[in-house]
Amino acid sequence: VTAAPGVSIALVYPDLLGTYGDSGNATVLAQRLRWRGQAAEVVTVTGSSAVPESCDIYVIGGGEDLPQSLAAVKLSEGRALHRAVDRGATVLAVCAGLQIIGERFVSPDGKASAGLGLLDCVTVASTAARIVGEVVVEPARQWQDQGLGLLTGFENHGAVTELGPGAQPVGHVRVGKGNKDGTVEGAVSGRIWGTYMHGPALARNPQLADLLLSWVVGPLGPLDDREPDALHAERLAQATRRDAAGDGDRGAGGGRWRRVRG
Amino acid sequence: LAVAVGRSLGALSRAAGRGTGSVIGGHAILAIQPQALALLATGRRVALVSGTNGKTTTTKLLAAAVGALTGSEVVTNVLGANMPTGLAAALAAGPPGCPAVLEVDEAWLGRVATQVRPVVVVLLNLSRDQLDRNNEVRHVAQRWRQVCQEATGATVVANADDPLVAWAASGAEKVTWVGAGLRWTGDATGCPQCAGPIEFAPSGDEWRCAQCDFARPQPEVWLSAQGLAGDGTGAEGVGGRAHFADGRSVAVRLRLPGRCNQANAVTAMAAATAMAGPRPATPEVAPTARAEVALAAMAKVVDVAGRYAVVRLGASPARLLLAKNPAGWAEVFDMLAPAPAPVVVAINARTADGHDPSWLWDVPFERLAGRKVVATGERGTDLAVRLHYADVDHELVSDLMGAVKAASGGRPGSDAKTGEVVDVVANYTSFHQLLARAGAGEREP
């Protein structure tokens with residue numbers, strides 16, 4: 001394999017972990033580089049092919065229980081992602097992606113399953129209701145110092161995640177539940193950014209996209225972000241308004257089932 | 001009593017202008033008699049139609065076909081009220097004893113089937129839709145599999161090209177496999193049996209698991225859509241053919257556009273044949289003869305609850321298309337008037353749409369390059385950002401009518417007065433908002 005020109009972004013197993021539109025994170029990263037005149041390539045890695053270890057950024061998305069376990073097995077066997085991380089590659093892992101790169105996650109039969117061990121967190125089954133709805137997170141101080149404002153996303157997960165001392169949360173939950181109980185969201189260690197935020201996260205939070213890119217290419221100039229900024233502001237306003245109204249409806253639906261006009 | 005109260009409430013709701021009244025009436029019926037669905041279905045041959053996409057259209061096609069094959073009136077719920085309340089109202093409104101063709105929400109299929117004891121269950125396809133409610137497509141497939149195992153005595157008419165559907169239906173006592181095709185395979189890449197990779201043949205008519213023995217069942221009837229124009233020219237006689245295992249085939253000519261509706265028609269044809277059954281009053285006829293009667297009836301269907309209808313929105317003639325998930329979009333791209341014709345895309349994220357429109361990133365909107373797209377709806381900003389990253393020329397107009405106006409005015413060398421039809425693609429609730437604005441009196445035939 002020859003070195004890819006510019007920045008290479010591996011979209012890992014979108015056929016297994018691509019249920020919630022998280023592939024869009026790779027699209028966003030590549031476009032934000034191209035618009036700045038930097039070459040970028042998205043390398044789509046399906047479940048039946050080997051994960052390259054030479055990419056600069058690895059994007060892993062959310063998915064369903066059975067494919068999630070399969071993805072974990074495949075990534076553990078090849079260890080290409082481990083070698084990439086050792087080399088200093090950046091990883092964005094969302095939802096099921098976050099869960100499998102931790103120490104343990106929940107297999108479809110409800111038992112604990114070994115994760116990749118790239119993040120110091122464990123994901124366990126929960127007896128509480130599935131966590132579904134808008135989530136707003138105030139990033140940890142160190143990210144705020146690097147220009148990150150409030151983060152917006154849509155969370156949708158059943159199992160819950162607890163962090164060990166080796167990982168820091170992305171930040172504190174302002175609206176929603178985050179990893180477990182409405183206190184913290186996400187897990188970060190080195191250049192690995194784990195989060196439960198769908199949306200996709202980088203479409204809703206252009207500043208986060210640029211933070212991850214800056215780990216690879218250094219400081220970045222500004223872009224015309226009027227539309228992504230408008231989306232960011234709109235989602236934050238919507239989520240905080242609903243939350244303030246105390247109607248408990250974060251977009252998970254007032255009733256369990258859709259109401260159809262009749 | 002329950003039915004009488006339900007009908008009165010329905011009439012009251014209609015009079016109050018709160019919709020067609022079927023849901024409130026159904027609520028009342030079910031509140032007074034929880035077993036109402038079972039009672040209302042007694043003595044009827046019932047077909048249930050479910051799937052992520054194409055339920056409403058297939059239900060309408062199947063009802064037309066069953067009507068033609070049995071010579072009977074058919075009870076149906078064409079307005080999309082597809083949960084128990086809507087079903088109870090539809091059954092209560094129909095004369096007793098006549099056959100019923102009912103669209104059922106994917107998640108409710110089990111409970112409805114248990115009560116109405118269908119003779120036919122039609123399973124069209126399964127893909128990501130409203131994940132905040134359904135959570136995982138596989139969970140729905142798992143529930144369907146149970147429905148199929150428990151629905152003894154029913155014929156399951158199932159799409160052999162959708163691995164999730166094939167897995168669900170393969171536990172049934174009697175299955176009629178239909179080769180209805182599957183454009184979007186994004187939710188079927190993992191084997192439902194062992195999670196191994198599913199391999200799809202480039203021809204699109206074969207798939208198998210690379211890891212276990214799970215493979216496409218051999219269909220009894222299938223659609224070949226070679227040469228099929230996707231842009232609604234089916235009315236001019238271009239269409240696919242339905243092929244039978246014995247080598248015979250019949251042309252499928254519809255006034256509805258697109259490959260997906262050809263597939264819906266072939267599925268409905270198979271279901272209608274199973275539904276009509278070998279009845280003493282009906283002399284036995286060859287399958288193709290029956291198929292032709294069914295297809296002739298389906299050919300008369302023009303629009304389905306506003307889908308594909310040309311309506312007037314403000315000063316602009318507009319064609320309404322429904323697409324509410326990536327699989328739906330995979331079919332709609334080919335129905336659009338060719339570039340540079342503008343297109344309006346309306347996106348909401350209400351409960352009936354699913355609150356998370358992340359699925360917009362699974363739609364290859366890059367295919368709209370070369371035309372102007374007007375983004376609208378309550379989540380028009382999400383769409384605008386998606387189009388932004390797809391490098392598609394677009395404009396965000398939050399007002400639905402304003403968006404249609406912007407699109408029709410934006411056509412080079414044309415304006416609303418030239419009468420050129422603007423394609424408007426909307427997801428579930430935005431579609432209904434547009435239809436309400438169009439008004440029944442302004443619907444063009």
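This is a predicted model, so every value here is computed, not measured. Side-chain atoms are counted along with the backbone in the values below, which use heavy atoms only and exclude waters and symmetry mates. Chain letters run A, B, ... following the sequence lines, proteins first and then strands; every chain starts at 1.
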Find the distance between [atom1] ([X]) and [atom2] ([Y]) and round it off to the nearest 0.5 Å.
X	Y	atom1	atom2	answer
A:L66	B:Q142	CG	CD	10.5 Å
A:R226	B:L396	CZ	CG	12.5 Å
A:E227	B:H394	CD	NE2	3.0 Å
B:T381	A:H232	OG1	NE2	13.5 Å

Which atoms form the tightest heavy-atom contact between B:R379 and A:R204, and what is the distance? NH2-NH2, 3.5 Å
Could you report the tightest heavy-atom contact between B:H355 and A:F154, atom names first, then the distance? O-CE1, 3.7 Å
Using a 3.5 Å distance criterion without hydrogens, assess whether the side chain of A:Q31 forms a donor-acceptor pair with backbone atoms of B:Y389.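 It does hold such a pair.
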Between the side chain of A:E64 and the main-chain N/O of B:V137, is any donor-acceptor distance below 3.5 Å? yes
Tell me whether the count of non-hydrogen atoms from other residues, nucleotides or ligands lying under 6.0 Å of NZ in A:K74 goes above 12.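 Counting other residues, nucleotides and ligands, NZ of A:K74 exceeds 12 neighbours.
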Non-hydrogen atoms of chain B under 4.5 Å away: do they reach the side chain of A:D65, the backbone, both or neither?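 The answer is both parts of A:D65.
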In terms of heavy-atom proximity below 4.5 Å to chain B, should A:L231 be classed as side chain, backbone, both, or neither?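 A:L231 touches chain B through backbone and side-chain heavy atoms alike.
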Go through the atoms of B:R128 and report whether side chain, backbone, both or neither lie under 4.5 Å from a heavy atom of chain A. side chain
Is any side-chain heavy atom of A:R235 closer than 4.5 Å to one of B:D382?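 Of all side-chain heavy-atom pairs linking A:R235 with B:D382, at least one is under 4.5 Å.
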Do you know which of [options] has the most heavy-atom pairs with chain B at a distance under 4.5 angstrom?
options	value
A:L16, A:T27, A:V28	A:V28
A:A30, A:P228, A:S69	A:P228
A:P200, A:P108, A:A230	A:P200

Residues that A:S76 engages under side chain to side chain contact (heavy atoms under 4.5 Å, CB included), provided they are two or more places apart: A:L116
Contacts of type side chain to side chain contact (heavy atoms under 4.5 Å, CB included), residue A:T240, not counting sequence neighbours: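 A:V175.
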Extract all donor-acceptor atom pairs below 3.5 Å that involve side chains of residues 189-202 of chain B and protein atoms in other chains or at least two apart in sequence.
residue	atom	partner	partner atom	Å
B:T189	OG1	A:D15	O	2.7
B:Q193	NE2	B:D213	OD1	3.4
B:E199	OE1	B:R208	NH2	3.4

Against chain A, residues from residues 357-364 of chain B with at least one heavy atom under 4.5 Å, in numeric order, are B:S358, B:W361, B:D362
